[in-house]
Amino acid sequence: MMDIELARTFLEIVATRSFVRAAERLNVSQTAVSARVRSLEQQLGRKLFVRNKNGAALTPAGEQFLRYAPTFVQLWESARHQVAAPPGRRAVLSIGGELNLWHPWLLEWLQWMRRRAPDIALRAQVGAPEDLADQVANGVLDIAVMYAPQYRPGSRVELLLEEKLVLVSTDPDARRIDPETYVYIDWGPDFAHRHDISFPEITNPGLFVGLGPLGLSYILGAGGAGYFRQRAVAPHLAGGRLHLVAGAPSFFYPIYAVCSAQSDDDLLAVAIEGLRSVADSDPALKRERGEPGFPSDQEVRS
């Protein structure tokens with residue numbers, strides 16, 4: 001019987017197009033990766049990769065095997081998870097999310113699942129978007145929550161909600177970006193494009209931060225301004241520690257669920273229901289929609 005690690009190694013090489021990068025991501029030696037590929041090729045009786053100066057390319061036989069490898073890994077992981085369900089739990093659901101999304105949204109989702117689906121055991125982890133997408137495609141995760149979905153064979157994508165990025169400052173009288181105190185948060189290429197259009201004068205910010213929570217902690221401690229998720233800054237706006245910058249544009253930032261095509265549809269339905277329920281109950285989103293009892297952004301600014 002084929003070792004599941006052989007199929008995982010094959011998929012990692014396909015994703016990275018390199019034996020070296022695959023070894024780094026699998027945390028094994030390049031020699032081990034090469035040995036696994038040789039073993040897999042011997043079992044299949046076909047050569048799967050052609051190695052050249054540009055990396056590793058699939059042979060026709062490799063292209064054929066790629067049609068089946070993700071399903072093979074997914075089925076194995078699904079079976080392993082179900083067998084490993086703790087006593088009293090009917091199933092296991094594995095979820096991953098980007099760090100920016102865990103606080104507070106996914107933490108609230110964990111609590112929702114505990115209340116509404118106590119018979120489902122949960123496995124949760126934080127990861128980078130590319131790794132999360134790979135783990136969904138390989139069947140390691142049932143669902144991954146991220147900002148920019150990365151499509152892989154064996155997965156499907158659902159839009160969960162569109163979050164808003166707003167410009168906030170520790171200065172209640174701020175009316176524009178001060179380059180000396182502005183913190184640029186890397187929210188991805190789409191945000192960068194829209195930011196450049198809105199603020200062409202900010203070409204080289206003094207502080208560039210790749211993680212939203214880190215940037216938020218910085219300006220709360222040192223002062224300054226930056227774009228952050230409305231959900232994340234809502235408590236600080238209500239408490240007076242931060243203030244919306246009047247007249248500044250806001251940017252919508254969609255959030256997606258990447259789901260394994262081989263996972264139990266009922267489990268995925270429960271998970272997505274919970275994610276949307278937590279989002280719908282969020283005061284920042286209710287304020288954005290102008291629901292009764294929640295003042296609009298314009299009312300908050302005035």
**Student:** Could you check whether atom CG of Asn52 has more than 12 heavy atoms from other residues, nucleotides or ligands sitting under 6.0 Å from it?
**Tutor:** yes

**Student:** Determine yes or no for a side-chain-to-main-chain donor-acceptor pair under 3.5 angstrom, with Thr59 supplying the side chain and Lys47 the backbone.
**Tutor:** yes

**Student:** Should Asp190 and Phe252 be marked as a side chain to side chain contact (heavy atoms under 4.5 Å, CB included) after you check the CA-CA gap, both sets of side-chain angles, and the distance that decides it?
**Tutor:** CA-CA 10 Å; Asp190 188 50; Phe252 282 104; over 6 Å; no

**Student:** Strictly below 4.0 Å, N to O, side chains only: are Glu158 and Arg156 in salt-bridge contact?
**Tutor:** yes

**Student:** If the condition is side-chain hydrogen bond (donor to acceptor under 3.5 Å, both in side chains), which residues does Asp196 pass it with, not counting sequence neighbours?
**Tutor:** none

**Student:** Tell me, please, whether Phe65 has Arg46 positioned over its six-membered ring: NZ or CZ under 6.0 Å from the ring centre and within 45 degrees of its axis?
**Tutor:** no

**Student:** If you look at every heavy atom in Ser34 and Phe19, which pair is closest and at what distance?
**Tutor:** OG-CD2, 3.7 Å

**Student:** Is there any ring-ring contact (aromatic ring centres under 6.0 Å, His included) pair reaching into residues 113-132, and which pairs are they, with sequence neighbours excluded?
**Tutor:** none

**Student:** With Ser155, which residues qualify under side-chain hydrogen bond (donor to acceptor under 3.5 Å, both in side chains), at least two apart?
**Tutor:** none

**Student:** May I ask you to check whether Tyr253 and Phe191 place their ring centres under 6.0 Å from each other?
**Tutor:** no

**Student:** Please test Leu267 against Asp142 for side chain to side chain contact (heavy atoms under 4.5 Å, CB included), starting from the C-alpha separation and ending with a verdict.
**Tutor:** CA-CA 9 Å; Leu267 288 180; Asp142 295 300; 5.5 Å; no

**Student:** Between Tyr218 and Leu214, is the side chain to side chain contact (heavy atoms under 4.5 Å, CB included) condition met? List the steps.
**Tutor:** CA-CA 6 Å; Tyr218 174 84; Leu214 176 61; 5.9 Å; no

**Student:** Quick one: does Trp105's side chain have a donor or acceptor within less than 3.5 Å of a partner on Val278's backbone?
**Tutor:** no

**Student:** Would the distance check show the side chain of Ser39 and the main-chain N or O of Ala35 forming a donor-acceptor pair, the cut-off being under 3.5 Å?
**Tutor:** no

**Student:** Identify the two heavy atoms, one from Tyr227 and one from Tyr182, that lie closest to each other, and give their separation to 0.1 Å.
**Tutor:** CD1-OH, 3.5 Å

**Student:** Roughly how far, to the nearest 0.5 Å, is CG of Leu11 from CG of Asp134?
**Tutor:** 8.5 Å

**Student:** When clusters are formed by joining ILVMFWY residues with side-chain heavy atoms under 4.5 Å apart, either directly or through shared neighbours, do Val20 and Phe49 land in the same one?
**Tutor:** no

**Student:** Please determine, by modelled atom types, if Thr16 and Arg21 share a side-chain donor-acceptor pair under 3.5 angstrom.
**Tutor:** no

**Student:** What about the rings of Phe208 and His195, do their centers lie closer together than 6.0 Å?
**Tutor:** no

**Student:** Side chain to side chain contact (heavy atoms under 4.5 Å, CB included), that's the test. Do Val145 and Trp109 meet it? Break it down for me.
**Tutor:** CA-CA 11 Å; Val145 183; Trp109 173 84; over 6 Å; no

**Student:** Measure the spacing between CG of Leu211 and CG of Leu99 and express it to the nearest 0.5 Å.
**Tutor:** 5.0 Å

**Student:** So does Glu201 have more than 12 non-hydrogen atoms from other groups sitting under 6.0 Å from CD?
**Tutor:** yes

**Student:** So which heavy atom on Ser260 is nearest to which on Leu268, and how close?
**Tutor:** O-CD1, 3.7 Å

**Student:** Test Glu108 against every option in Arg114, Arg115, Arg231 by the salt bridge (Lys or Arg N to Asp or Glu O under 4.0 Å) rule and name the one that passes.
**Tutor:** Arg231

**Student:** Do Asp131 and Arg25 sit within salt-bridge range, that is, some charged N less than 4.0 Å from a carboxylate O?
**Tutor:** yes

**Student:** Without swapping roles, check the side chain of Arg175 against the backbone of Ala248 for a donor-acceptor pair under 3.5 Å.
**Tutor:** no

**Student:** Indicate yes or no for a side-chain donor-acceptor contact from Glu12 to the backbone of Ala22 under 3.5 Å, with no hydrogens or angles considered.
**Tutor:** no

